[in-house]
Each structure stands twice: as C-alpha cells, then as structure tokens.
Q: 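Next up is a structure, given as structure tokens.
Counting from 1, the numbers follow the sequence of the chain as shown. First listed ligand is number 1; within each ligand, the first listed atom is number 1.
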Amino acid sequence: MKKFENILCEFPYRGHPHIALVSLNRPKVLNALSTALMQDVIDCFFMLEDNTDVRVIILTGNDKAFAAGADIAEMVEATPIHQIQENRFRSWKQIPLITKPIIAAVNGFALGGGCELAMSCDLIIASDTAKFGQPEIKIGTIPGAGGTQRLTRALGKSKAMYHILTGDMLDAHDAEKAGLVAKVVPTESLMNETFECAKLIANKAPVAIKLAKEAVNAAFESPLKEGLEFERRNFYLTFASQDQKEGMRAFLEKREPDYKGN
Ligand code: CAA
C-alpha cells in the first residue's frame, strides 16, 4: 500500500476484504485541508477505485476534528489569479468521479472545507459530539468547495442561510434532524458503527451499489422526469449482471447470496 504524507490509508480495514479506511492526518492543525492533503486524498481514492477488491471507502479524521477547513495559512495571502493558476479545487472536482461509496465518519469539527468534504462523500455518520458548519464568513470569505450549494440542498434555504451568514455551527443531532447526516452514534462507537454500515454495503452486489449511487446523485443534478428515466435505465442495467441473478435466486432459494461483482 502506497504511503502518503498527509493521510493514512488502510486496506483491508479490520481484515475485511472489501473495506478501506482513509484517515486525514494533520492533527496539529485539526486536519486543515492543504492542497497537498487534498491531492493525497484524491490520489488515494483513485488507487482504491482501481483496486477491484475495494467496495467501500470510509473517510475519517481524528477525535478532535474531521477537518477544520481549508488551510487558512496557505490561503491568507492568495490572490484570485494565484488560485486560478494553481486550480485550487482541482482535486475536489474529481471526488464525484469515484464510483464506489464513500462514507464520512465524522468526529469533532467538520468546518468549512471539512464540512464540504464530508458533504462530498455519499453519506455521513457522525459522533454525538461532532460539529458541522461553514464559518468562512467569520474570516471574511465564503464557502468555496460546495458549501453554499450542498448545505442548502441538505438543510433548505432558511437554515442554510442562517448557518452560512452567521457562521454558527450545527451540532450532530440538528444535522441528523435536517438530513445532513444519516446517523448519530456515541463517540466511542463511531468507528464500530461506521464499519457495520460499510459491511452492510460491501456485502451487496457491487455493480448494483454503483448504479444506485449514480442514480441517487442524479436526483441532485436533474429534473424529476430525467432522474426517473435515469433510474429506470440503471434498474434495467442491473439485469445484465450475474449478481442480479444470484441475488434473486438466493432469495427464492432461501439462502445468502454470494456476489462476485460481475
Ligand atoms: N487552517 C489552518 N490552521 C488551522 C485551521 C485551518 N482551517 N483550523 C485550525 N487550525 C490550527 C490553529 O491555527 C491551531 O494552530 P496552532 O496550534 O499552531 O496555533 C491549531 O490548528 C489548533 O486550533 P485552535 O487552537 O484554534 O483550536 P480550538 O480548539 O481553540 O478551536 C476551531 C477549534 C473552532 C475549529 C478553530 O481552530 C477554528 O475556528 N478553525 C478555523 C475554522 C475555519 O474558519 N474554517 C474555514 C476555513 S476556510 C475554508 O474552508 C474555505 C473553503 O470553503 C474551501
């Protein structure tokens, strides 16, 4: 497994043959998302995407922070031209190209780019002490990696406007009530619960999982009529896979399915 400077990558995670763990690893600065760290994240995601054994990726931080945002020290003197030249969000834009499900396991702060990174994942499981927010307004700027768009889709206009204009954080329970996170769990069981969720997904037919992920994401990018058509085509496409036959036969034969990923 390749070593990265700013993240840790573990596969197989806890011995599971289909689950990988990626941990952000700049603890001294609360996992501030430098350009180099984000490049590591995307390089690692693509490495796991290309590994046919990997079916689910978990992304996490540490006890204090998932990530406290983009690296302010790296940005303080930036000019717009500099950011355009270095294409600041290049690695972020590639996250949607990952076809395997990515679960964000969030402990502590998920602020600014940290909240945006969690929202770029497919689902979020949060510890009961997690805090989400887009505090960029407090430092004279606004979210730049999707916060105004994804938080608004998750919370609705009024709540998103409140949090983005005040910089106030949301606690884990409010985030769950609003639908931003799938599940809130006690801090000490965050990784166990996330692993259980990853196992539930990893045990399903991988092609159907990818097609389902793609169809859910289409709900955010297309009018309902087009989204329904997209879903129907992906539904038909699952019938080209051996795993669909295996899944339905196993149900009728009252046994567990054995999915091969084809
Ligand atoms: N960038 C760089 N360094 C950061 C950082 C960040 N986003 N967040 C925290 N750090 C550093 C601090 O400077 C501090 O470093 P030193 O020990 O060298 O002083 C260290 O991490 C620990 O942080 P604090 O001492 O501040 O810890 P705290 O517990 O008192 O406060 C916090 C925690 C409330 C999260 C606070 O650190 C904070 O407000 N951080 C900044 C949050 C923020 O504004 N994020 C948005 C960034 S901009 C962005 O993300 C734009 C975008 O959309 C892409």
Q: Could you identify the single nearest non-hydrogen protein atom to atom 20 (C) of ligand 1 and state the distance to 0.1 Å?
A: K28 O, 3.4 Å
Q: Could you check whether any heavy atom of P135 sits closer than 4.0 Å to an atom of ligand 1, since that is the contact criterion I want to use?
A: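 P135: in contact with ligand 1 (<4.0 Å).
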Q: I98 and side chain to side chain contact (heavy atoms under 4.5 Å, CB included): which single residue from L48, I57, D122 fits?
A: I57
Q: Quick check: closest heavy atoms across D128 and P186, and the distance to 0.1 Å?
A: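 Smallest interatomic distance, heavy atoms only, reads OD2-CA, 3.5 Å.
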Q: Minimum heavy-atom separation for E176 to A182, with atom names?
A: OE2-O, 4.0 Å
Q: Of all the heavy-atom pairs spanning L155 and H163, show the shortest one and how long it is.
A: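 For L155 and H163, the tightest heavy-atom pair comes out as CD1-CD2, 4.0 Å.
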Q: Quick check against the 3.5 Å criterion: does K64 have a side-chain atom that pairs as donor or acceptor with the backbone of P27?
A: no
Q: Check each atom of ligand 1 against the heavy atoms of E136 and keep those under 4.0 Å away; list them by number with element.
A: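 Answer for ligand 1: 48 (S), 49 (C), 50 (O), 51 (C), 52 (C), 53 (O).
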Q: Look only at interatomic distance and state if G113 has a nitrogen or oxygen under 3.5 Å from any nitrogen or oxygen of ligand 1.
A: yes
Q: Would a 4.0 Å cut-off, counted as strictly less than, catch a protein heavy atom around atom 48 (S) of ligand 1?
A: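 Given the 4.0 Å limit, the answer for atom 48 (S) of ligand 1 is yes, a protein heavy atom qualifies.
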Q: Please work out, at 4.0 Å between heavy atoms, whether the side chain, the backbone, both, or neither of K138 comes within that distance of ligand 1.
A: neither
Q: Taking only heavy atoms of F109, which atoms of ligand 1 are found under 4.0 Å from at least one of them?
A: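 In order of number, 33 (C), 35 (C).
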Q: Applying side chain to side chain contact (heavy atoms under 4.5 Å, CB included), run through M47 and C9 and close with a yes or a no.
A: CA-CA 10 Å; M47 185 183 79; C9 181; 4.0 Å; yes
Q: Closer than 4.0 angstrom: is that true for some heavy atom of E74 and an atom of ligand 1?
A: no
Q: List the steps, then state whether side-chain hydrogen bond (donor to acceptor under 3.5 Å, both in side chains) holds for T99 with E214.
A: CA-CA 8 Å; T99 63; E214 202 181 41; over 6 Å; no
Q: Can you sort out which atoms of ligand 1 are near M75, meaning under 4.0 Å from one of its heavy atoms?
A: 48 (S)
Q: Considering non-hydrogen atoms of the protein only, which is the closest contact for atom 36 (C) of ligand 1, and what is the distance?
A: L30 CD1, 4.6 Å
Q: Protein heavy atoms: any of them under 4.0 Å from atom 29 (O) of ligand 1?
A: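 Yes, at least one protein heavy atom sits under 4.0 Å from atom 29 (O) of ligand 1.
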Q: Can you tell me the protein heavy atom closest to atom 11 (C) of ligand 1 and the distance?
A: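 Of every protein heavy atom, V29 CA, 3.8 Å lies nearest to atom 11 (C) of ligand 1.
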Q: Taking atom types as modelled and ignoring hydrogens, do the side chains of N6 and D40 form a donor-acceptor contact shorter than 3.5 angstrom?
A: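 N6 vs D40: donor-acceptor pair found between side chains.
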Q: Please walk me through it: do Q39 and D43 pass side-chain hydrogen bond (donor to acceptor under 3.5 Å, both in side chains)?
A: CA-CA 6 Å; Q39 192 59 51; D43 288 348; 3.1 Å; yes
Q: Please confirm whether A70 comes within less than 3.5 Å of ligand 1 when only nitrogen or oxygen atoms on both sides are compared.
A: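 Right, the criterion is met.
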Q: Under 4.0 Å from atom 45 (N) of ligand 1, is there any protein heavy atom?
A: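 Given the 4.0 Å cut-off, atom 45 (N) of ligand 1 counts as touching protein heavy atoms.
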Q: Provide the number and element of each atom of ligand 1 under 4.0 Å from a heavy atom of D71.
A: 1 (N), 2 (C)
Q: So which bit of A32 gets within less than 4.0 Å of ligand 1, heavy atoms only: side chain, backbone, both or neither?
A: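 Answer for A32: side chain.
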Q: For T60 and S23, what are the C-alpha separation, side-chain angles and deciding distance, and is it a side-chain hydrogen bond (donor to acceptor under 3.5 Å, both in side chains)?
A: CA-CA 5 Å; T60 196; S23 307; over 6 Å; no
Q: Considering only NZ, NE, NH1 and NH2 on the basic side and carboxylate oxygens on the acidic side, decide whether E74 and R88 come within less than 4.0 Å.
A: yes
Q: Would you tell me which option among P27, G112, A68, G69 has the nearest heavy-atom contact to atom 43 (C) of ligand 1?
A: A68
Q: Are any of the N or O atoms of P143 closer than 3.5 Å to those of ligand 1?
A: no
Q: I'd like to check which ligand 1 atoms, numbered from 1 as shown, lie under 4.0 Å from a non-hydrogen atom of G144.
A: 52 (C), 53 (O)
Q: From atom 13 (O) of ligand 1, is the closest protein heavy-atom distance below 4.0 Å?
A: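 Under 4.0 Å from atom 13 (O) of ligand 1, zero protein heavy atoms found.
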Q: How far is atom 1 (N) of ligand 1 from its nearest protein heavy atom, and which residue and atom is that?
A: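 Sorting protein heavy atoms by distance from atom 1 (N) of ligand 1 puts I72 N, 2.9 Å first.
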Q: Would one find an N or O of Q134, backbone or side chain, under 3.5 Å from an N or O of ligand 1?
A: no
Q: Which residue and non-hydrogen atom of the protein lie closest to atom 35 (C) of ligand 1, and at what distance in Å?
A: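 Nearest protein contact, heavy atoms only, for atom 35 (C) of ligand 1 is L111 CD1, 3.6 Å.
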Q: Please determine if R14 forms a cation-pi arrangement with F195, meaning its NZ or CZ atom is less than 6.0 Å from the six-membered ring centre and no more than 45° off the ring axis.
A: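 Cation-pi check for R14 and F195: passes.
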Q: Pull out every atom of ligand 1 sitting under 4.0 Å from any heavy atom of A145, numbered as shown with elements.
A: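 The atoms of ligand 1 under 4.0 Å from a heavy atom of A145 are 53 (O).
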Q: Please check: side-chain N/O of E116 versus main-chain N/O of A145, any donor-acceptor pairing under 3.5 Å?
A: yes
Q: Applying side chain to side chain contact (heavy atoms under 4.5 Å, CB included), run through Y13 and I58 and close with a yes or a no.
A: CA-CA 9 Å; Y13 175 52; I58 298 171; 4.0 Å; yes
Q: Of the non-hydrogen atoms in V185 and L190, which two are nearest, and what is the gap between them?
A: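 Result for this residue pair: CG2-CA, 3.7 Å.
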Q: Give me the residue, atom name and distance of the protein heavy atom closest to atom 27 (O) of ligand 1.
A: K64 NZ, 3.8 Å
Q: How close does the nearest protein non-hydrogen atom get to atom 53 (O) of ligand 1, and which residue and atom is it?
A: E116 OE1, 2.7 Å
